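Inspection log for the structure reproduced underneath, given as structure tokens.
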Protein chains: 2
Amino acid sequence: MVISAVRRSGQEPSRTEITAITGLSHSTISAISSDLIAEGILREGRSEPTASKRGRPQVGLQLDPGAAAVLTVVLSLNLLTAAAIDYAGNILAEETRRLDTLSLPREALIRECVDMVRRRLDDRSLAEHRVLRIAFAVQGTADSQARTMLWTPITPHGDIPFADILEKAFGIPVIVENDCNMMAVALRWRGTDRYRDDFIAVLLSHGIGMGIVLNGELFIGTQSSGGEFGHMIHKPKGARCRCGRHGCVEAYAGNYAIWRNAHGLDENTEPAADIPDDEMLSLAGKARAGAGPERDAYEQAGSALGYSLGSLFSVIDPAPVTFVGIGATAFDLIEPALRRAIAETAGGQYSDSIVFATEPKEQILIREGCAMRALTFIDQEIFALGSPAALALQES
Amino acid sequence: MVISAVRRSGQEPSRTEITAITGLSHSTISAISSDLIAEGILREGRSEPTASKRGRPQVGLQLDPGAAAVLTVVLSLNLLTAAAIDYAGNILAEETRRLDTLSLPREALIRECVDMVRRRLDDRSLAEHRVLRIAFAVQGTADSQARTMLWTPITPHGDIPFADILEKAFGIPVIVENDCNMMAVALRWRGTDRYRDDFIAVLLSHGIGMGIVLNGELFIGTQSSGGEFGHMIHKPKGARCRCGRHGCVEAYAGNYAIWRNAHGLDENTEPAADIPDDEMLSLAGKARAGAGPERDAYEQAGSALGYSLGSLFSVIDPAPVTFVGIGATAFDLIEPALRRAIAETAGGQYSDSIVFATEPKEQILIREGCAMRALTFIDQEIFALGSPAALALQES
DNA sequence: CATCATTATTTCGCGCTTCGAAAAAAATAA
DNA sequence: TTATTTTTTTCGAAGCGCGAAATAATGATG
């Protein structure tokens, strides 16, 4: 609770502030924080300039950046990124590589990931840190134990046990997570009221994904993490989707679907492999310029998203939605049809009051979410277990 | 934990068995159970006939039926039922009344409910029990604090704060819950493996409802309890639903929808108010006899249910589904189309392995769920708080 | 029928965690 | 300086759960 209070409050909370946050007593906080400082997990901040009031000044506590480090790896369509993050959440180093994920053989794809992790681990930016955890985010589904990538649209190869592979190679615990879940985790760490208890992050990109936070916790399905909102059925036997099925939301609202409709192609045309961001921006520009197939395409996307969100809302109730990714830059084109559709659904009863927000860059969010996921794991599963475990680590 | 262990294990567990269930030590269980016996919450069972092994025989512990009592009230289309249940879960008395809920004015409906509760409370079956809780189940949605019935298809009147009304009238805490959620709770108390962690109960009746258990806990939306699965959109701008919207699942799979399609009526025909069970049974009989509009109607119902379940599964992942109510008796007619539809969805990837079960009587399940809901509340919020609260009650 | 073996339950003291109250520390205000 | 204010630490005490040992209640055995 103490570590979590310090990490949450982006500031440097004093012991007294921590008692207020946690509800524990002064004595308890005093004892625990002195232990944590002795173990090298927390340290006293030297920021003095708090507007000097009367009385003994508060001493801010901060996470000791050197207590540990984590590695984040993000694998998405044609892009692999890794970053080293210290215990306080600062980026120590990062690296990005473009790959042709769709055509890369299974083994080569795995090798690219392993090699990048090795380079990051060997890098001297990590010389003074113990890396205690690797968080691996993929577009697609992971199993609910966060060990295996089950399925992804970015490569035809499925069921890759990235956690086992990386753990065997480097001896560091690994979690495999869905990219949109990590977006949601990152938003939650923004700490604003909007992202406290219930909200939804929707990725509008080549594909459509979703991360859901309910009751302040990431909502995970029964078998896999990373529900496939993009593949809810919008129209039975409808447009052809990248996944091989028909009528999915993505087949109306993914980049390739908008592109396909904007070019007047049949809805069963094979989905394009990848569409550059600037091409999507130019489509949106044309749609804004006046009526035409481009504008209609965005309207169809909005309608599909609206009906599906509404259907989802009829089961989980409405929640604020944040659209993330290149598609979010065209939200002005999507919103009217989306609101019209959602108003026709049971979940849309209060459709006027549903608030939407946009966030154009998904990569940064995903990395941030991975980092926080891995760091909070260390907080709770390693450092919180008390001196025995912490000491054992200290020794090693 | 001890009370819960005794309630869960339908048997009379011995102290030693409770240590195994809870994972606590012998000493702790011994101390706690002697306290609970002293407080009149548990008692030692007198069942001796356990196949006599060597060693000191186990003494079974059971819930003391006289420790408390609860009242369950179930309000559904044209039917109001109440029952008094003792602390061990036995039915002490029950009462059922037929009402014309659709035409009854708001105040009269409320009066019917209050009067029935009064009659049950005054009944001499409760002479020796303290009623500590009333659980009120309605078809429709309740707010997530379980205090108000927000909306229901059984009467045009919404936003009835049944919890406040009954608490004011009788001074006993009240919870208002969705009927399908209570079905799910009841199934969970069956204790079988099938209903442990993740499963779904679907009510196939005049309307369509759903109760979801995920990770062993009832899944509740952000604002209301009782998600409206029946009003997920199956076909945008499709068949007319009882709720006034178009294309809901219910407008294809509810009793009135099957009846409407079986009679070859237009899908925008106004939904019938209520269809007797024997009429539905005869429809199913005709459908089994041979091809025709009746069989097609059930097929359409299956298809609508399949696509919607599949869409839901693409977000929460597949789980075993139990169909409850009169519609479940015709599941043989529904299943083929349902499986075909679900296989076309992302959630249906492993559609062959999804297991379905049926349970024809919903009323019994709903009452059972209410009772367990109310009783576990007493266990956790009153009796578990230790002697102070329990003593105060003992005195009163 | 006394004794042994076996299993269930209780008793007893210990360690851990948290708490409240009081003390100590560190600053400003007078 | 001294008083005041606020933060932090110290010091028993209470509550909870545990392990080990003691006690209880039975069937098996000679």
Side-chain angles (χ1 to χ4, degrees), chain A residues 1-6 9 11-39 41-62 379-380 383-392, chain B residues 1-6 9 11-39 41-62 379-380 383-392:
Chain A
M1 287 171 77
V2 174
I3 299 176
S4 155
V6 177
S9 130
Q11 323 302 323
E12 297 182 5
S14 71
R15 293 168 176 79
T16 307
E17 282 163 345
I18 295 175
T19 62
I21 297 169
T22 59
L24 298 175
S25 71
H26 288 267
S27 15
T28 308
I29 298 303
S30 175
I32 292 175
S33 37
S34 80
D35 283 357
L36 290 174
I37 290 171
E39 288 169 35
I41 295 168
L42 297 185
R43 67 182 189 190
E44 301 198 332
R46 27 206 142 304
S47 69
E48 304 277 325
T50 42
S52 59
K53 297 165 301 182
R54 237 162 118 124
R56 177 171 173 174
Q58 306 187 343
V59 183
L61 294 178
Q62 57 185 204
D379 293 346
Q380 290 164 25
F383 289 167
L385 291 182
S387 16
L391 270 173
Chain B
M1 287 171 78
V2 173
I3 299 177
S4 156
V6 177
S9 128
Q11 326 300 323
E12 297 183 5
S14 71
R15 292 168 175 79
T16 306
E17 282 165 343
I18 296 174
T19 62
I21 297 168
T22 60
L24 298 176
S25 71
H26 289 268
S27 15
T28 306
I29 298 303
S30 175
I32 292 174
S33 37
S34 79
D35 284 356
L36 291 174
I37 290 170
E39 288 169 35
I41 295 168
L42 296 185
R43 67 182 190 188
E44 300 199 331
R46 26 205 142 306
S47 68
E48 305 277 326
T50 41
S52 56
K53 299 164 299 183
R54 238 164 119 121
R56 178 173 173 173
Q58 306 186 340
V59 183
L61 294 179
Q62 58 185 206
D379 293 347
Q380 289 164 26
F383 288 167
L385 293 183
S387 16
L391 270 175

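Note that these values count all heavy atoms, side chains included, but never hydrogens, waters or copies made by symmetry. By convention in this document, chain letters (A, B, ...) are assigned in the order of the sequence lines, proteins followed by strands, and residues within each chain are numbered from 1. On a predicted model such as this, the values are computed, not experimentally measured, just so you know.
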Q.
Under 4.0 Å, heavy atoms only, any strand: does B:Ser34 hit a base, just the sugar-phosphate, or nothing?
A. nothing
Q: Specify the separation, in whole Å, of atom CD of B:Glu17 and atom P of C:dT7.
A: 14 Å
Q | Distance, rounded to the nearest Å, where B:Arg15 contributes CZ and D:dA24 contributes P | A | 15 Å
Q.
Output the rounded distance in Å from CG (B:Asp35) to C1' (D:dC16).
A. 12 Å
Please produce a list of atom pairs where a protein N or O lies less than 3.5 Å from an N or O of nucleotides 28-30 of chain C.
residue : atom : partner : partner atom : Å
C:dA29  : O4'  : A:Arg54 : NH1          : 2.6

Q. Rounded to the nearest 0.5 Å, how far apart are CD of B:Gln58 and OG1 of B:Thr16?
A. 5.5 Å
Q: Can you figure out which of D:dT7, C:dT9, D:dT8 approaches the side chain of A:Val59 most closely?
A: D:dT8
Q. What's the spacing between B:Ile18 CD1 and B:Ser9 OG if we round to 0.5 Å?
A. 7.5 Å
Q. Between atom CD1 in A:Ile37 and atom C1' in D:dT9, what is the gap in whole Å?
A. 12 Å
Q) When you look at B:Glu12 and B:Arg43, which way does the salt bridge (Lys or Arg N to Asp or Glu O under 4.0 Å) test go after all the steps? A) CA-CA 10 Å; B:Glu12 297 183 5; B:Arg43 67 182 190 188; over 6 Å; no
Q) Rounded to the nearest Å, what distance is computed from the CD atom of residue B:Gln58 to the P atom of nucleotide C:dT6? A) 17 Å
Q. Would you say a side-chain N or O of B:Arg56 is under 4.0 Å from OP1 or OP2 of C:dT6?
A. no
Q: Could you check which of C:dA8, D:dT26, D:dT8 has an atom nearest any side-chain atom of B:Pro57?
A: D:dT26
Give me the distances for all protein-to-nucleotides 13-18 of chain C N/O pairs that come in under 3.5 Å?
none

Q) Where is the tightest heavy-atom contact between B:Val59 and B:Gly45, given as atom of each residue plus distance? A) CG1-O, 4.5 Å
Q: Please state how far atom CD1 in B:Ile29 lies from atom P in D:dG17, giving the value in whole angstrom units.
A: 9 Å
Q) Roughly how many Å is it from NE2 in B:His26 to C1' in C:dT11, rounded to a whole number? A) 14 Å
Q) Okay, side chain of B:Ser33, backbone of B:Ile29: is any donor-acceptor separation there less than 3.5 Å? A) yes
Q. When rounded to the nearest 0.5 angstrom, what distance separates OG1 in A:Thr22 from CE in A:Met1?
A. 5.0 Å
(Q) Using the side-chain heavy atoms of A:Ser27, tell me which of these nucleotides is nearest: D:dT8, C:dA8, C:dG20. (A) C:dG20
Q: Working to the nearest 0.5 Å, report the span between CD of B:Gln11 and CD of B:Gln62.
A: 12.0 Å
Q | Full working for side-chain contact (heavy atoms from CB on, under 4.5 Å) between A:Leu36 and A:Val6 | A | CA-CA 12 Å; A:Leu36 290 174; A:Val6 177; over 6 Å; no
Q) Within the distance-only criterion (no hydrogens, no angle test), does the side chain of B:Ser30 pair as donor or acceptor with the backbone N or O of B:His26 below 3.5 angstrom? A) no
